Each structure stands twice: as structure tokens, then as C-alpha cells.
Asker: 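Quick one: structure below, then a few questions.
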2 protein chains.
Amino acid sequence: MDTDTNKEEAIEVLQQLGLKEYEARCFVGLTRLNTGTAKKLSELTEVPRTRIYDAIRVLEAQGLVEIQHSSPQQFRAVSLDEATATLRDQYEERVDRLHDALTTVETIDDDDESSIQEVWTLSGQDAIENRTEQLIEAASDEIVLVIGDESLLTADLVETLTGVDDDIEVIVGALTPSLQAEIQAAVPAATTFVSGLEWLHGETDTEDDTSIGRLLLVDRASILVSSIRPESKDEQAVFGEGFGNGFVVIARRLMAQGLLPIRDPNT
Amino acid sequence: MDTDTNKEEAIEVLQQLGLKEYEARCFVGLTRLNTGTAKKLSELTEVPRTRIYDAIRVLEAQGLVEIQHSSPQQFRAVSLDEATATLRDQYEERVDRLHDALTTVETIDDDDESSIQEVWTLSGQDAIENRTEQLIEAASDEIVLVIGDESLLTADLVETLTGVDDDIEVIVGALTPSLQAEIQAAVPAATTFVSGLEWLHGETDTEDDTSIGRLLLVDRASILVSSIRPESKDEQAVFGEGFGNGFVVIARRLMAQGLLPIRDPNT
DNA sequence: GTTTTTTGTGATTAATCGGGTGACAATACT
DNA sequence: AGTATTGTCACCCGATTAATCACAAAAAAC
């Protein structure tokens with residue numbers, strides 16, 4: 001049962017990694033068979049026999065399958081560790097090449113109207129986490145971070161938080177006392193608190209079941225707020241920059257009204 | 001000029017990483033523009049303006065682009081570091097999911113005829129390097145390795161070689177004295193030599209311009225030989241296992257005849 | 001040695017996907 | 001008001017991919 005859904009999962013992920021359906025099926029089939037011929041593979045994976053050969057050739061070229069050139073040919077998947085290592089290597093290479101290529105692409109200096117009212121949206125947990133870390137690393141005075149879901153407290157984030165300069169005030173809030181304790185333990189240098197932001201949950205729209213993800217305010221000049229749809233695990237963020245940015249101003253007003261436990265020196 | 005080929009390279013790599021052509025073009029376009037509208041992007045990238053929106057939405061969902069929901073909408077690429085970090089994260093997650101899914105897929109125990117004459121082929125530099133390291137790590141007595149091209153002496157390989165047990169004899173050959181010196185410096189525990197295998201170059205087939213890549217013999221029971229097409233950088237390997245394997249026997253005979261500078265205890 | 005099955009290649013069809021274009025209403029600019 | 005811009009849809013077409021068939025070479029069975 002479960003092994004069957006895992007099989008499907010593996011096929012799906014392999015396709016996300018760039019393989020075609022037949023190729024993915026063949027590879028998963030071969031990981032279950034120590035060694036197999038086109039016929040056996042075809043029966044097991046329900047890939048038309050005559051197309052097994054094409055699929056295997058592609059897999060072989062990618063370094064995921066070995067071929068024994070006998071008659072009939074025998075196919076064999078490389079070990080799981082070898083396969084994942086090879087895939088990892090491939091993607092590392094590609095990302096590196098991308099990085100190299102783009103660093104040397106000249107940017108077009110454009111009529112750069114950095115409107116002070118910019119509010120940008122950003123999607124995806126990975127991207128938002130990277131942006132969060134980027135902002136934290138750029139802080140010079142104060143970091144206020146509220147974490148709404150324990151799944152967001154990743155090792156990377158903890159590492160980034162512990163790596164900030166001593167003279168930067170780090171204030172981290174959580175929605176629950178247990179999460180607060182966890183944060184305090186992981187980041188001793190931080191001041192932690194339990195946030196009074198529960199009201200952000202089911203707000204006015206009752207049908208919209210999004211819960212708060214993170215809230216980050218850096219140097220009172222940049223803010224990032226994210227929400228999570230619990231079902232799809234999809235995280236979406238809004239992000240504003242600049243001391244005069246309306247969005248940022250609202251966040252400061254919130255703080256001034258004591259919804260976040262920080263004194264605003266301006267009041 | 002050069003920045004143009006880099007642009008092309010970036011677009012190509014992004015497609016290898018799973019983006020569609022329009023998406024790749026848009027992302028590269030946005031990295032050159034601090035911020036852009038659909039129209040400007042369309043002019044710069046030659047993507048039809050009406051299709052910019054689709055492409056951007058996909059990019060936004062992947063966390064590579066930010067959107068400012070004004071009118072007209074403004075688009076902005078996340079910083080290069082954020083982009084590569086996000087891509088890396090995504091692929092790590094996928095490879096991990098693949099690993100998890102496949103470890104729990106039950107293998108079908110099959111009439112396992114481990115013929116002693118098996119000779120398998122394997123392609124791709126990454127895959128062959130992984131297999132090389134795998135074999136080295138599994139060695140119990142002796143490792144004989146001949147490296148035919150300095151590009152194959154990667155940091156990973158050096159690490160693997162230095163990590164073997166002390167009681168394993170490590171013999172590494174190179175095709176040139178300079179490469180030998182490099183190896184000896186990187187792996188002090190190894191016995192190095194200059195190989196007498198140059199004859200393997202243009203062998204009988206004169207039209208076939210493949211040069212030797214690596215030759216690995218582990219415990220005199222497993223052998224891997226690879227060749228490289230200098231043009232395409234494509235590495236191909238043959239691999240045999242088992243003391244009685246005909247391929248392995250040939251390799252031992254070669255050694256016995258002094259082509260490799262190791263005494264065969266059987267003679 | 002002949003028949004029968006298996007094996008590998010190639011060509012062919014059908015469906016899907018991605019690149020490319022135009023119509024059109026809503027919105028912003030003059 | 002009028003003009004240009006912007007965003008959404010619907011559509012077309014070429015390329016890719018899933019799926020099937022025809023067939024010759026090779027094994028296997030008899």
C-alpha cells in the first residue's frame with residue numbers, strides 16, 4: 001500500500017527533476033529489480049516494451065542506469081546513494097553555471113524610480129526564508145521577528161539569528177509559550193516574547209483560512225509579513241522597504257500601540 | 001558581446017533547471033533591469049508582451065521574482081544570491097524526497113543470476129566519479145588507480161582517497177609527471193607512478209579520438225575503465241565485478257605483464 | 001533444423017504542451 | 001473626450017511525448 005504511494009511519489013519527484021514519465025517509471029522499476037530486461041521492466045512499470053530502450057538510453061546518459069550489452073540486454077539502476085549524489089552534482093553544476101553567467105551580465109541602468117510606497121509580494125517558503133535571512137544579515141540596529149509556525153524555525157534561520165552582531169537588538173516573538181521556549185534556547189542572545197498577534201488569524205474574511213507565517217521588521221525601515229495556507233503549505237509574503245513606506249509606517253504604528261512589546265523612541 | 005553569450009548561457013541553464021523559455025528569458029531580463037513593467041520586459045527579452053504575465057506568475061510562485069501589484073505592475077528579480085539559494089533549496093528538497101520515497105519502496109526479490117561475466121557500462125562524469133568513490137570506499141586490500149586527465153582529479157576524489165584505511169595499499173598512476181607530482185602532494189599516503197598506458201590512446205581505430213579517462217582496480221576483483229571524448233567532455237565507463245570476471249582477469253594479466261608496476265603475487 | 005517466441009529498431013498516430021498572435025475590456029494618461 | 005497602455009482570454013501551430021504497430025534479427029523450444 002504505502003510502498004505504492006511512495007513509488008508514485010518517487011516517479012513524480014523524478015519528473016520534477018527533469019525526467020520524462022517513462023524514464024521515471026523505468027528508474028523506479030529498476031530500483032525494485034536488482035537487474036532486469038526490457039520485458040520484465042515493461043511488465044512491472046507498464047511502460048510499452050518497445051519504448052523501454054529509449055528511456056533506458058536517456059537514463060544511462062544521465063548516469064542513473066547501467067547497461068549490460070548482452071542479448072537480451074540487462075539493465076540495472078545505480079545504487080540509491082549514487083543516484084542522489086549524481087543528481088545533486090548535476091544541479092550544483094547547473095546552479096554554479098547560472099551564477100557565473102549572471103554575475104557577468106551587465107545590468108541596464110534604468111530610470112530608477114524607487115517609489116517610497118513600494119510593496120512587493122514574494123512566494124514560496126524557500127524564497128521567503130532566504131529573503132528573511134538576507135534582511136537579518138543586513139540589519140544594523142534592531143531585528144524584530146515574530147514566528148507563527150514552528151515549521152518556520154529552521155536550522156538555517158537559527159544560524160542566521162545567532163550570527164548577527166552583538167550590538168544589534170534581537171527580539172523574537174512566538175505565538176505559543178512552547179515555541180518561545182524553543183527559540184530562547186536556540187538563540188540565547190535574543191529577547192523573546194509571546195506575541196499578541198493571534199488576532200491576525202481568521203481576520204475579517206471567515207472563509208479564508210490563512211494563518212500568520214512570519215513578521216519581520218528590520219531597523220524599523222523594512223518589513224516582511226507572510227501568511228501560510230495550512231493545506232497547501234504555500235507561503236506568501238508582502239515586503240516593504242524604506243522608512244517612509246506606508247506599509248512600514250503601519251507596522252511602526254502597530255508597535256507604538258503596544259501590539260508588539262517594543263517602545264518606539266519617537267513617541 | 002561576451003555579456004550576450006552569458007545571457008544565452010543563463011537562459012539555457014535556467015531551462016535545464018526546469019524553467020520554460022519565456023520564464024528563463026524573463027528572469028534574465030529582470031536581472032538586468034532593476035525593476036520592470038511588462039512592456040519594458042517584453043521589449044528587452046523579445047517575449048510577447050501578453051505572455052509576460054504568465055511567465056512572471058510562474059517565476060513568482062517559484063520565489064524567483066517579486067511583484068508589485070500596482071498599475072502597471074512592476075516586476076523585480078530577487079537578488080542573484082537569493083535566487084541561487086532558493087534553487088538549491090528546491091533541489092535539495094526534491095532529492096531528499098526522492099531518497100525517502102525510494103528507500104521505503106520494497107524491492108522485488110528476483111531470480112538473481114549474478115553471472116560472473118557481467119560487464120556494465122555507465123555514462124557521465126558525475127556518475128562515474130560517484131562510482132569510483134563508492135568502489136574506493138568499499139576496498140579492503142588494494143586500490144590501483146590511473147588518472148588520465150587532470151580534470152578528473154577533483155577535490156572529492158582526493159578526499160575519498162585520503163580517507164581510506166591505513167592498511168589498504170593505495171597506488172595511483174598518472175599519464176604525466178606533473179600530474180603525478182600533483183597527486184603525490186594531494187595524497188601523501190599513496191604510492192604514485194607515471195603510467196605506461198599511453199598506448200591506450202589512439203589504439204587500432206584511428207578515427208576514434210577518445211582518450212583514456214580513469215582505470216580503477218580494487219582488490220583485484222573489481223575494475224572500472226573510462227574513456228573521454230575530448231570534444232564533448234562525455235565520459236563513458238565499463239565496469240566489471242568478481243574475481244573470475246573475464247574483464248577483471250584481463251586487467252590482472254595486464255598487470256602481471258608489467259604494464260602496471262605492481263607485482264602479482266600469483267606469479 | 002524448423003518452428004515459435006523473444007528482442008531490438010523504426011516508423012506512425014494521437015494527445016499534450018509550449019511558443020506565438022490577435023481580440024478585447026479595463027485602466028491609465030493627455 | 002480621446003488615445004495609449006495594460007491585463008486577460010482564447011486561439012493557432014509546431015514540437016515534444018505518450019502510445020501502438022510493423023518487422024527483421026536473434027534466441028529458445030521443439
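From a predicted model like this one, the values you see are computed outputs, not experimental measurements. FYI, side chains are in, hydrogens and waters are out, and symmetry mates aren't considered; it's all heavy atoms of this structure. Lettering of chains follows the sequences in order, A, B, ..., and the numbering in each one begins at 1.
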Asker: Walking along DNA chain D from 5' to 3', note the first and the last nucleotide with an atom under 4.0 Å from a heavy atom of chain A, and give both.
Answerer: dT17(D) to dA27(D)
Asker: Is any N or O donor-acceptor pair between the side chain of T50(B) and the base of dG22(C) shorter than 3.5 Å?
Answerer: yes
Asker: Round to the nearest Å and state the distance from I52(A) atom CD1 to dG8(C) atom P.
Answerer: 11 Å
Asker: I need the minimum non-hydrogen distance between L14(B) and A24(B), along with the two atoms involved.
Answerer: CB-CB, 3.8 Å
Asker: Under the 6.0 Å and 45° cation-pi test, does R131(B) pair with F239(B)?
Answerer: yes
Asker: Between A38(B) and K20(A), which residue's closest nucleotide on DNA chain D lies nearer the 5′ terminus?
Answerer: A38(B)
Asker: Taking the six-membered ring of Y22(A) as reference, does the cationic atom of R25(A) (NZ for Lys, CZ for Arg) lie under 6.0 Å from its centre and within 45° of its axis?
Answerer: no
Asker: Looking at every strand, decide which applies to R25(A) at a 4.0 Å heavy-atom threshold: base, sugar-phosphate, or nothing.
Answerer: nothing
Asker: Rounded to the nearest Å, what distance is computed from the CD1 atom of residue I56(A) to the C1' atom of nucleotide dT7(C)?
Answerer: 15 Å
Asker: With side chains defined as the heavy atoms from C-beta onward, is the minimum distance between D234(B) and Q125(B) less than 4.5 Å?
Answerer: no
Asker: NZ of K39(A) versus P of dT5(C): gap in Å, rounded?
Answerer: 11 Å
Asker: Roughly, in whole Å, what's the span from CD in Q68(A) to C1' in dG8(C)?
Answerer: 16 Å
Asker: Can you measure Y53(A) atom OH to dT6(C) atom P for me and round it to whole angstrom units?
Answerer: 12 Å
Asker: In whole angstrom, give the distance that lies between atom CZ of R49(B) and atom P of dC24(C).
Answerer: 15 Å
Asker: Could you list, one pair per line, each protein nitrogen or oxygen that sits under 3.5 Å from a nitrogen or oxygen of nucleotides 25-30 of chain C, together with the distance?
Answerer:
none

Asker: Atom NE2 of H69(A) to atom P of dT7(C): distance rounded to whole Å?
Answerer: 17 Å
Asker: At under 4.0 Å between heavy atoms, what does T37(B) touch on the DNA or RNA strands: base, sugar-phosphate, or nothing?
Answerer: nothing
Asker: So, T132(A) and E129(A): side-chain donor and acceptor under 3.5 Å apart, yes or no?
Answerer: no
Asker: Less than 3.5 Å apart, any donor N or O on the side chain of T86(B) or D126(A) sitting next to an acceptor on the other?
Answerer: no
Asker: Check the side chains of S151(B) and D149(B) for a donor-acceptor pair under 3.5 angstrom, ignoring hydrogens and angles.
Answerer: yes
Asker: We want to know whether Q236(A) and S227(A) form a side-chain donor-acceptor pair, criterion being a heavy-atom distance below 3.5 angstrom.
Answerer: no
Asker: Taking only side-chain N and O atoms of Y22(B), does any of them lie within less than 4.0 angstrom of OP1 or OP2 on dG20(C)?
Answerer: yes
Asker: Between the side chains of K20(A) and D54(A), is the shortest nitrogen-to-carboxylate-oxygen separation below 4.0 Å, so that they form an ion pair?
Answerer: no
